[in-house]
Amino acid sequence: MYTKPQQRQLFDLSKQLLETAVTTEHAKDLHQVLHYHEWKYYVQNDPVLSDFEYDSLFKKLEALEAKHPELRTPDSPTQRVANDMTNDFNTVEHLVPMLSLDNSYNAEDLKDFDERIKKLCLIPENEDVAYVVEPKFDGGSIALVYENDVLVRAATRGNGTKGDEITANMKVLRTVPLRANFSSKGIQKVELRGEALIEKNNFEKINAQREAEGQSLFANPRNAATGGLRMKNPNETAQRGLEAFIYQLGYAINDQGEHVLNQFSTHHEGIEFLGNTGFKVPTIERKLCKNIQEAADFCAMWEAKREGYNYEIDGMVVKVNSLALQEKCGFTSHHPRWAIAYKFKAKQATSTLESVEYQIGKIGSVTPVAKITPVQLAGVTVSSISLHNADFISGKDLHIGDTVLVERAGDVIPYIVKAMDELRNGTEQPIVFPTECPVCSTKLVRAASEAAWRCPNFQCEAQVLQRMIFHVSKPAMNIDGFGKSYVERFHELGWLTNIADIYNLDYEAIANLEGFGKRSAEKLEIAINKAKENPIYRVLYSLCIHHFGKKASKLVAQEIDHVLDLQKWTLEDFVNIKDIGPVVAENVTEFFQDPTNIALLEQMESYGVNLTQTEDDKPTVVSEDAPLVGKTILFTGKLFKVSRKEAQELAIKAGARNISAVSSKLDILVVGEKAGSKLKKATALGTVQILTEDAFLELLGR
Ligand code: IVH
């Protein structure tokens, strides 16, 4: 429908309009771009603007039309709701139009909404209006019609007035009752509004299966859900695991044809009735709030915990609770005046891929990093995004100059979802992955089994710097207060050229550095001196030998008196240790055969770093009367007093062995908060001792 150059032009125009104070001469442009974005969003299921940007454009046009009503032509995007209909289904008319919602983005917007409601309903400003807040589910909208208590029709939202008839598909959903007792309320015919959703973990299973079968993957649960509504074969809808949440009673009449929604006095009461009648309605996710402040707090709370919720939600919906007040408010052609969506900060945005930089890691891996035009994502400005490796770039067919869709979900680091092929104008440049290290010019290598290209020069300055950063970090030598920025600064000053230098710093010079002073220099000295006493497994791990992890370092440390003993070790000596494989063996042997590395370790030792086996390096010997000797143990649910890892370590020290599943082999299950299937299974077995976190700690005498 739109050619690529047209799409590029409309996209650029949209961005310009977002920056411009619009006047009457922009009306046509606004029409054009809004039509385009509706098509991208509803028909292609592939938006190129964030919701926020789309709304801003829409509001600009609305404001313009409010000032100049002659611009409000029948074809204006404000005069209709968008369309998701296809040609594959019968079209049916909704009993009452399914409208959109007006949007808000913060507590301030909600306050304005509350003020508007009070004005419309002639309520004094100092009186409270009660609201119901519920999730704004991000799936596919549905309308269900029941006549004489029987489900007779289901439809998609369509263009709001008419939708696709999908009765057969909805009948397979177990959350859609085929019969429901509306007659108890004197209701003969009713239309319910809701959303068909796919649970997040179910969505992951579906995609995993599609991947195994070589089918294309769904971008998100919403796409999988809207697609699921429209399957030709209802069995396929059933396999998607869709669930229908009902959030609104749209229309109800009795057998005289009289409107009887006033059977309920509030929205809350109506939803409770539906819940009691067999429908799935929001429960803990819904709250009756006594005023707008409480509603705003509930919205903010859900914004903070949306990632942990099982379903995709893109905001909350705030609705006037009293149906009498709702009636006073009425509707615009676009949305009810008594409800508003509170949109969460966008997780996705479009930006431009400006350039690619290459970072060298501590073992020489070359990581491409995209520099993008800064964008706001869920409240954070993002300008750099890792592209992982060369395969990622070719897999996504990324080019410099591409418009890219970026996403940041929860605490997850941002990533590039895709490049927008349809917005290319031919000036985009391929990304040429370097063949030489951008820092030391050594030819890059790539092992057959690995995704990353690596710089094989162990002395490459970039690698040495990364190794020093890792060396001082918590998991390695754990030097308190010695962070990345200090390492970088001292390196720039020429004070740190290798890890040995860390133990020979001039603290007077540090004290004189801007931003330091005597106290912080002293603190650093204390922390470094403390690290000099570390067990040797930490030293071994801190050397950054490829594939030589903490566990292997511990296993090796148990077997030696002194780190430099490893010079005499053969491949065989290493492989003889259970759990150490040939690759690690080879890498460690190679390291200890290089005289530069030996000199480095000797230098460290001369600065006071301990290289002799300590008590902490020796295997944990559990005394025979330790409280959990010979027992197997498993932790489930959230623990509060210790972390899961600490608990497991405590259990080992007390003689237990951690295992990963509930079976007849399990002796003890420690249950934290929200323990689920494991607890059920263990209880059913009847042979497992079940302990709370407190009881477990008490057993260990803590
Ligand atoms: S009420 C007349 N409540 O959001 C009532 N809508 O942008 C208007 N949606 O098409 C809708 N969760 O599909 C309402 N709890 C909720 C909702 C909800 C999701 C969808 C609905 C509507 C769209 C409006």
Side-chain angles (χ1 to χ4, degrees), residues 37-38 41-42 45 47 51-52 54-55 58-59 77-78 80-85 94-105 113 131-144 154-164 166 190-198 221-222 225-226 229 242-252 261 267-268 270-272 274-275 279-289 295 298-299 302 306 309 311-321 323 325-327 329-344:
H37 293 300
E38 282 172 2
Y41 186 92
Y42 288 101
N45 240 330
D51 285 4
F52 178 78
Y54 173 81
D55 285 345
F58 196 91
K59 282 185 177 161
T78 62
R80 69 156 183 145
V81 263
N83 187 327
D84 68 357
M85 281 186 289
H94 299 304
L95 302 185
V96 277
M98 289 177 84
L99 297 180
S100 284
L101 286 167
D102 195 12
N103 287 331
S104 68
Y105 295 90
F113 167 69
Y131 297 96
V132 172
V133 184
E134 55 201 29
K136 183 166 179 342
F137 295 112
D138 197 10
S141 317
I142 50 169
L144 305 175
T156 65
R157 176 168 179 259
N159 63 10
T161 316
K162 291 175 183 166
D164 284 339
I166 51 163
V190 62
E191 191 169 53
L192 308 178
R193 271 71 204 278
E195 199 91 353
L197 301 170
I198 292 181
R222 178 174 173 275
T226 51
L229 292 179
L242 287 168
E243 294 170 61
F245 270 95
I246 302 300
Y247 51 70
Q248 194 70 32
L249 268 157
Y251 165 99
L261 270 182
H267 174 68
H268 182 71
I271 297 296
E272 290 283 297
L274 292 174
F279 292 90
K280 191 174 177 96
V281 297
T283 51
I284 53 153
E285 315 87 337
R286 174 169 48 100
K287 184 176 180 187
L288 174 56
C289 301
F298 193 66
C299 289
W302 273 91
R306 73 188 283 202
Y309 185 57
Y311 302 91
E312 287 285 344
I313 51 181
D314 57 349
M316 302 299 282
V317 184
V318 179
K319 298 175 179 174
V320 170
N321 188 35
L323 296 192
L325 291 185
Q326 282 191 8
E327 205 170 319
C329 296
F331 298 84
T332 72
S333 62
H334 174 261
H335 58 258
R337 289 200 188 87
W338 42 262
I340 195 161
Y342 173 92
K343 299 277 278 202
F344 295 155

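Whatever order the structure lists ligands and atoms in, that order sets their numbers, starting from 1. Note that the numbering runs from 1 along the sequence shown for the chain.
M98 does not count as a contact of ligand 1, since none of its heavy atoms falls under 4.0 Å from the ligand.
Of the protein's non-hydrogen atoms, the one nearest atom 18 (C) of ligand 1 is Y247 CZ, 3.3 Å. Nearest protein heavy-atom contact of atom 12 (N) of ligand 1 is F137 N, 3.0 Å. K319 NZ, 3.0 Å is the protein heavy atom nearest to atom 3 (N) of ligand 1. Of all protein heavy atoms, the one closest to atom 8 (C) of ligand 1 is L101 CD2, 3.8 Å. Remark: minimum distance from atom 7 (O) of ligand 1 to any protein heavy atom is reached at K136 NZ, 3.4 Å. Among protein heavy atoms, the minimum distance from atom 2 (C) of ligand 1 is reached at P336 CG, 3.6 Å.
The residue from K162, E191, R157 that alone fulfils the side-chain contact (heavy atoms from CB on, under 4.5 Å) condition with M98 is R157.
Listed by number with element, the atoms of ligand 1 under 4.0 angstrom from any heavy atom of R157 are 10 (O). Applying the 4.0 Å criterion to heavy atoms of S141 picks out, from ligand 1, the atoms 10 (O), 13 (O), 21 (C). Near E134, the atoms of ligand 1 lying under 4.0 angstrom from a non-hydrogen atom of the residue are 3 (N), 15 (N), 16 (C).
The N/O atoms of F331, backbone and side chain alike, include none that comes under 3.5 Å of an N/O atom in ligand 1.
Under 3.5 Å, the side chains of R286 and H268 contain a donor-acceptor pair of N or O atoms.
Applying the side chain to side chain contact (heavy atoms under 4.5 Å, CB included) criterion to K280, with sequence neighbours excluded, gives T175, E243, F245, Y311. Legend: residues meeting ring-ring contact (aromatic ring centres under 6.0 Å, His included) with Y247, ordered by chain and number and at least two apart, are absent.
Residue-level proximity to ligand 1 for P135 is carried by the backbone, the only part with a heavy atom below 4.0 angstrom.
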